[in-house]
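Protein chains get the first letters and strands the later ones, always in sequence-line order, with residue 1 at the start of each.
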Protein chains: 2
Amino acid sequence: MKDVAARAGVGLKTVSRVVNGEPGVTADTERRVREAIGALGFRRNDSARILRKGRTASIGLVLEDLADPFYAPLNRAVEEVARDHGALLFNGSSAEDADRERELALALCARRVDGLIVIPAGHDHRYLEPEMAAGVATVFVDRPAGRIDADAVLSDNFGGARDGVAHLVAHGHRRIGFIGDRPTVHTATERLRGYHAAMDAAGLPADDSWISLGPTAPERVTAEAERMLTGPRPVTALFTGNNRVTATVVRVLARLPRPVALVGFDDLELADLLSPGVTVVAQDAARLGRTAAELLFHRLDGAGEEPRQVVLPTRLIVRGSGEVGP
Amino acid sequence: MKDVAARAGVGLKTVSRVVNGEPGVTADTERRVREAIGALGFRRNDSARILRKGRTASIGLVLEDLADPFYAPLNRAVEEVARDHGALLFNGSSAEDADRERELALALCARRVDGLIVIPAGHDHRYLEPEMAAGVATVFVDRPAGRIDADAVLSDNFGGARDGVAHLVAHGHRRIGFIGDRPTVHTATERLRGYHAAMDAAGLPADDSWISLGPTAPERVTAEAERMLTGPRPVTALFTGNNRVTATVVRVLARLPRPVALVGFDDLELADLLSPGVTVVAQDAARLGRTAAELLFHRLDGAGEEPRQVVLPTRLIVRGSGEVGP
DNA sequence: CTGAAAGCGCTTACAG
DNA sequence: CTGAAAGCGCTTACAG
């Protein structure tokens with residue numbers, strides 16, 4: 001910028017005016033500055049600008065896995081809102097590891113992102129308190145923050161699971177299995193709560209052997225599904241706790257001679273084309289992302305109200321697999 | 001930092017040493033500095049650090065659509081490599097719009113990202129020449145750069161499509177349709193070239209009415225598939241140019257009384273569970289991302305060789321739909 | 001082992 | 001309409 005000013009024979013401030021389109025520069029001066037910018041290949045350094053201005057016009061998104069198709073629409077929705085507000089988006093995966101989540105979130109704070117959207121992997125977010133106190137707007141999404149009071153945007157995991165299981169009950173099932181993610185994952189336990197609520201409401205017992213929470217690795221899920229489907233009192237229907245579990249269970253059921261009822265949490269691509277089509281409780285991932293990002297920018301605009309918890313509805317999509325009788 | 005130094009009764013440089021873990025500080029001094037950092041809630045400002053040091057330890061990824069499941073594993077692979085190199089990742093979608101691509105890429109350059117990975121939407125990347133000359137390492141992925149000489153990592157679109165169509169020919173088909181993305185998309189025309197190569201190699205004519213390039217909106221793809229499958233000389237097999245087209249055509253074929261052969265470019269989740277399973281030419285999206293990111297950091301480490309074009313192989317996955325006879 | 005001075009490349013607040 | 005000075009929060013290069 002100093003070189004541009006020298007070449008154009010003007011002061012630094014005049015170059016700054018031209019670069020930022022500020023008024024108060026004659027056409028002739030502006031032309032000389034632009035010529036110098038072109039000749040010297042000048043490009044404004046936003047790092048310096050940021051240092052002086054305070055706000056970085058960037059936000060960070062920490063999610064579980066950038067490669068998980070469930071989070072892709074959420075990611076895009078956050079980006080669109082950020083773009084509407086002139087902000088750039090950093091993002092990264094926690095890989096479901098609390099230490100990695102913290103490391104990433106703090107690295108983003110050190111870059112002085114204006115705000116942070118976090119899909120938590122850990123259960124203790126007190127490490128973010130100094131950052132939040134220093135003004136980093138923070139919104140949690142998909143799962144609530146642990147041990148701090150903060151904004152959160154969630155799906156109605158309890159209600160969605162309850163409705164899905166009630167749907168199976170309505171189709172005559174009395175022995176229904178539940179296979180979900182590890183019990184440390186908030187959504188897994190909420191959905192299990194929904195399962196119990198539906199069984200209780202129907203006056204049905206929920207045998208311990210019908211419930212399995214754990215890693216979503218295909219080997220474990222396959223073994224558990226096969227176990228529940230055999231033995232003296234096999235289940236006649238399964239409720240699966242997320243998209244990865246559902247995909248694996250669909251594969252197990254495809255190998256069986258008789259159809260077994262299935263309702264899954266989360267929608268899947270092509271689920272309508274299987275026979276039978278897979279009945280699911282769908283979340284609106286894009287809406288989760290959009291809502292969280294809008295709340296974040298609302299805070300950035302100075303809204304100092306109490307932390308808010310927003311719960312978005314789920315939707316039961318009937319396609320056939322959930323309507324198979326016992 | 002000034003406040004920390006004052007409170008600890010030391011100089012600025014000593015605070016800097018403690019914060020960065022540099023040697024040459026007595027245990028007692030370090031303790032006093034740490035106490036002051038804690039009491040004042042000091043957090044190092046990386047914007048200032050970056051301004052002084054030159055490198056920002058961040059890279060940018062411009063892709064077509066963060067929500068497209070095809071790009072999700074690519075995104076994650078880039079992130080992992082960046083993380084291994086201690087860099088943070090910015091990303092954003094061009095939404096297949098050349099202006100938006102340029103706007104985003106230049107915004108990232110203004111933030112002084114060390115490098116840029118671009119899935120191009122436009123066909124003229126001369127706008128990046130000043131940035132590249134100024135030292136921003138740039139690698140294109142999935143499609144080559146337009147009108148500039150630059151590193152690129154691509155799938156073997158030509159060879160993959162040729163093999164897929166040859167597979168249909170080997171199963172007895174003589175009238176094969178091709179439905180792909182718009183002719184402005186590099187991968188679409190390369191795959192069409194592969195189609196022609198396979199037809200020519202088999203001595204088969206390729207009727208113009210069997211070929212359709214255009215938007216991948218379901219309405220258009222459905223209409224084109226139905227048109228090719230009816231009339232006096234209907235095709236007996238279809239080759240689809242990408243994941244979105246394949247998903248739509250699978251829906252069309254599911255409604256037909258007789259099975260029609262299909263091979264698609266790009267793999268789909270659950271494709272193995274449809275009946276018949278969908279035979280595809282699969283790309284390794286994660287490997288595309290990993291290779292591009294590794295090439296980028298190789299350049300950042302000072303490799304000044306000529307721009308390089310890397311072509312990764314595709315893989316034919318046989319599942320049933322491509323083995324249906326005419 | 002420790003620190004004062006200069007500077008990274010901008011913008012702010014002011015004066016003319 | 002234009003510009004000189006100060007400063008954002010760090011690190012670099014030196015000196016002691």
Side-chain angles (χ1 to χ4, degrees), chain A residues 1-37 40-58 86 106-107 109-114 130-131 134-136, chain B residues 1-37 40-58 86 106-107 109-114 130-131 134-136:
Chain A
M1 196 157 131
K2 213 161 57 183
D3 297 342
V4 171
R7 178 172 177 126
V10 300
L12 277 178
K13 179 62 205 172
T14 299
V15 178
S16 176
R17 285 198 181 90
V18 171
V19 169
N20 296 307
E22 287 169 29
V25 184
T26 52
D28 183 57
T29 309
E30 172 163 355
R31 200 183 36 67
R32 274 179 12 244
V33 171
R34 292 212 180 280
E35 184 280 328
I37 287 175
L40 267 32
F42 169 79
R43 308 133 63 229
R44 185 178 71 193
N45 183 332
D46 276 6
S47 292
R49 178 164 221 254
I50 282 165
L51 181 60
R52 200 64 183 76
K53 299 204 79 137
R55 280 208 176 178
T56 60
S58 60
L106 289 177
C109 289
R111 296 297 180 102
R112 293 292 188 277
V113 289
D114 296 330
E131 308 297 333
V136 181
Chain B
M1 197 156 130
K2 213 161 56 183
D3 298 342
V4 172
R7 179 175 176 123
V10 300
L12 276 178
K13 179 62 205 171
T14 299
V15 179
S16 176
R17 284 197 182 89
V18 171
V19 169
N20 297 307
E22 287 169 29
V25 183
T26 52
D28 183 57
T29 309
E30 172 163 355
R31 199 185 35 68
R32 275 178 11 243
V33 172
R34 291 212 181 280
E35 184 279 329
I37 287 175
L40 268 32
F42 170 78
R43 308 132 64 227
R44 185 179 71 193
N45 183 330
D46 277 6
S47 292
R49 178 164 221 251
I50 282 165
L51 181 60
R52 201 61 183 75
K53 298 203 80 133
R55 278 206 179 178
T56 60
S58 60
L106 290 178
C109 289
R111 295 296 178 102
R112 292 294 188 273
V113 289
D114 296 331
E131 308 297 333
V136 181

Test item: R32(A) side-chain N/O and R7(A) main-chain N/O as donor-acceptor pair under 3.5 Å: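 Between the backbone of R7(A) and the side chain of R32(A) there is no qualifying donor-acceptor contact (under 3.5 Å).
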Nucleotide [N], atom [atom2] - distance to [atom1] of [X] in whole Å:
X	N	atom1	atom2	value
K2(B)	dC10(D)	NZ	C1'	12 Å
L51(A)	dT12(C)	CG	P	12 Å
R32(B)	dC1(C)	CZ	P	15 Å
I50(A)	dC10(D)	CD1	P	15 Å
R49(A)	dG7(D)	CZ	C1'	17 Å
K53(A)	dG9(D)	NZ	C1'	18 Å
M1(B)	dG3(C)	CE	C1'	11 Å
E22(A)	dT11(C)	CD	P	8 Å

With a non-hydrogen cut-off below 4.0 angstrom, is [X] in contact with a base, only sugar-phosphate, or nothing?
X	result
N20(B)	sugar-phosphate
V10(B)	sugar-phosphate
R112(B)	nothing

Note, N45(B) side chain near R112(A) side chain (heavy atom, < 4.5 Å):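 In contact.
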Nearest-nucleotide 5' precedence on DNA chain D, R17(B) against S47(B):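 The residue mapped nearer the 5' terminus is S47(B).
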Interatomic distance, R49(B) atom CZ to T56(B) atom OG1 [nearest 0.5 angstrom]: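 Those atoms lie 12.0 Å apart.
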K13(A), nearest nucleotide to its side chain (from dG3(D), dC10(C), dA13(D)):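 Within the option list, the nearest is dG3(D).
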Distance-only donor-acceptor test, R44(B) side-chain atoms vs dG9(D) base atoms, 3.5 Å: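 Under the 3.5 Å cut-off, the side chain and the base do not form any donor-acceptor pair.
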Answer yes or no: does a side-chain N or O of [X] lie under 4.0 Å from OP1 or OP2 of [N]?
X	N	value
T26(A)	dC1(D)	no
T29(B)	dC1(C)	no
S16(A)	dC10(C)	no

Test: D28(B) and R31(B) ion pair at under 4.0 Å: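 Answer for the salt bridge query: yes.
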Side-chain ion pair, R17(B) and E30(B), N-O less than 4.0 Å: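 A salt bridge is absent here (no side-chain N lies under 4.0 Å from a carboxylate O).
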Assigned partner base of dT2(C), Watson-Crick or wobble definition, under 3.5 Å: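 Answer to the pairing question: dA15(D), which forms a Watson-Crick or G-U pair with dT2(C).
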5'-most by nearest nucleotide on DNA chain C - R52(B) or D46(A):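 The 5'-side residue here is R52(B).
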